[in-house]
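Presented below is the structure to which this report refers.
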2 protein chains.
Amino acid sequence: MRRRFIEAAGQMTQTLGVGRALGQVFTHIYFSRQPQSLDDLTQSLGISKGSASMTVRQLEQWGALRKVWIKGERKDYYEALDHFGRIIRRALLDVIGRKMESGDHVLQDAEEEMQEAAAGSADDATDWTFLRDRVAKIRAFRGRAQRLWDSSILKMLLK
Amino acid sequence: MRRRFIEAAGQMTQTLGVGRALGQVFTHIYFSRQPQSLDDLTQSLGISKGSASMTVRQLEQWGALRKVWIKGERKDYYEALDHFGRIIRRALLDVIGRKMESGDHVLQDAEEEMQEAAAGSADDATDWTFLRDRVAKIRAFRGRAQRLWDSSILKMLLK
DNA sequence: TGATACGTTCAATACAAATTGAACGTTCGC
DNA sequence: GCGAACGTTCAATTTGTATTGAACGTATCA
């Protein structure tokens, strides 16, 4: 049964674009009563030590896992948290947010470039009013999307 | 300037996991005053005819492009729409929705499997109450996420 | 009807991203 | 200080996915 869940979660996170290991690692720990070490992960899931290390770190940053000390043990052990709302929120902020940023920069750059080009060539064939209008519409949408995003995030934050 | 936008949009859609051609095609048509044909796309963007055909169809399904007839022309021409809210909404429903479905099925299957297994082996070492509890928490979250999703979508729909 | 100009499909290919694993740095016990 | 047991890193590799392009189906016009 656990195998089924783990496999399914792996497929899901893979198609969502965050790698298969992520879903597998979280699900395995989530369905384990005992905290799990990196070795447990490599053995149970058949993934490499490197992959386990990186995945666990990312999940920890998102608040999906928590490090647990076990006295007399030198290994790091992890247990799963179940604040799914917070976890997803942070993951989205991290993954999407970072991806949006670069696009944002380019949008601004291109807009500035357009301003300059329009000012310096009042008599050529380019249809500046058309371009301006289209860019303005993108800007407007970005503003609305931003507000929607913020409010959704807020709702999720409140559980 | 258009080149910059097109390149940026391509990068963005690529990292978002829907392919580079998608962003490029839409942006090119969006910044074109005249409706564009598949040939225009292959020439301007340097993509193949097959890619242009598939991309355009997907964008049309999402309501991002509209076919335009030009009398005396045998080619299909497309122009861009700017209802970004609706476009994104449909795209998300399509891309995410479809990806969620399969995961949903597996969740249900695994749950049934667990019920059966728990009933048939009351005396083995498996910790059924623990597993049940964890699965229940996933279910609960799915419900909340579904409601949040629906309401967000609704907001976007309303512009 | 035949020839031409399209758009579509899908197996082959190219590309990007995830995963591996050997080398490395660090910590702990002795 | 030394060795062993870890976790981490990153270049090489594997894997998954987007893209290509030749073959095909279809519509149009002479």
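In the text below, chain A, chain B and the rest are named by the order of the sequence lines, each starting its count at 1. Basis for what follows: all heavy atoms, side chains included, without hydrogens, waters or symmetry-related copies. Note that this is a predicted model, so its numbers are computed, not measured.
Of all the residues in residues 30-64 of chain A, A:G46, A:I47, A:S48, A:G50, A:S51 reach under 4.0 Å from DNA chain C with at least one non-hydrogen atom.
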For residues 63-73 of chain B, please give each side-chain donor-acceptor pair under 3.5 Å, one per line with the distance, not counting sequence neighbours.
residue	atom	partner	partner atom	Å
B:R66	NE	B:E79	OE2	3.2
B:R66	NH2	B:E79	OE2	2.9

Kindly list each side-chain donor-acceptor pair under 3.5 angstrom involving residues 131-140 of chain A, sequence neighbours excluded, with atom names and distances?
residue	atom	partner	partner atom	Å
A:R132	NH1	A:Q115	OE1	3.3
A:R134	NH1	B:Y30	O	2.9
A:K137	NZ	B:D82	OD2	3.0
A:R139	NE	A:E111	OE1	2.7
A:R139	NE	A:E111	OE2	3.0
A:R139	NH2	A:E111	OE1	3.3

Taking only distance into account, with no hydrogens and no angle test, what donor-acceptor pairs under 3.5 Å do side-chain atoms of residues 45-60 of chain A form with protein atoms, sequence neighbours excluded?
residue	atom	partner	partner atom	Å
A:S48	OG	A:S51	N	3.1
A:T55	OG1	A:S51	O	2.7

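With hydrogens and angles ignored, the 3.5 Å screen pairs no side-chain donor or acceptor of A:S44 with any backbone N or O of A:L41. Checking side-chain atoms of B:Q34 against main-chain N and O of B:S32 turns up no donor-acceptor pair under 3.5 Å.
Residues A:H28 and A:R2 have side chains in contact (heavy-atom distance under 4.5 Å, counting atoms from C-beta outward). Side-chain contact check for B:R33 versus A:F130: some heavy-atom pair is nearer than 4.5 Å. Side-chain contact between B:Y78 and B:P35: absent, with no pair of heavy atoms (C-beta onward) separated by less than 4.5 Å.
Counting 5' to 3', DNA chain D first comes under 4.0 angstrom of a heavy atom of chain B and last does so at the ends given by D:dA18 to D:dT28.
Of the candidates B:V25, B:L22, B:T27, B:T13 forms a side chain to side chain contact (heavy atoms under 4.5 Å, CB included) with just one, namely B:L22.
Distance check, rounded to the nearest 0.5 Å: CG of A:D40 to NZ of A:K75 gives 6.5 Å.
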Report all interatomic pairs (protein N or O, nucleotide N or O of nucleotides 27-30 of chain C) with separations under 3.5 Å.
residue	atom	partner	partner atom	Å
C:dT27	O2	A:R74	NH2	3.0

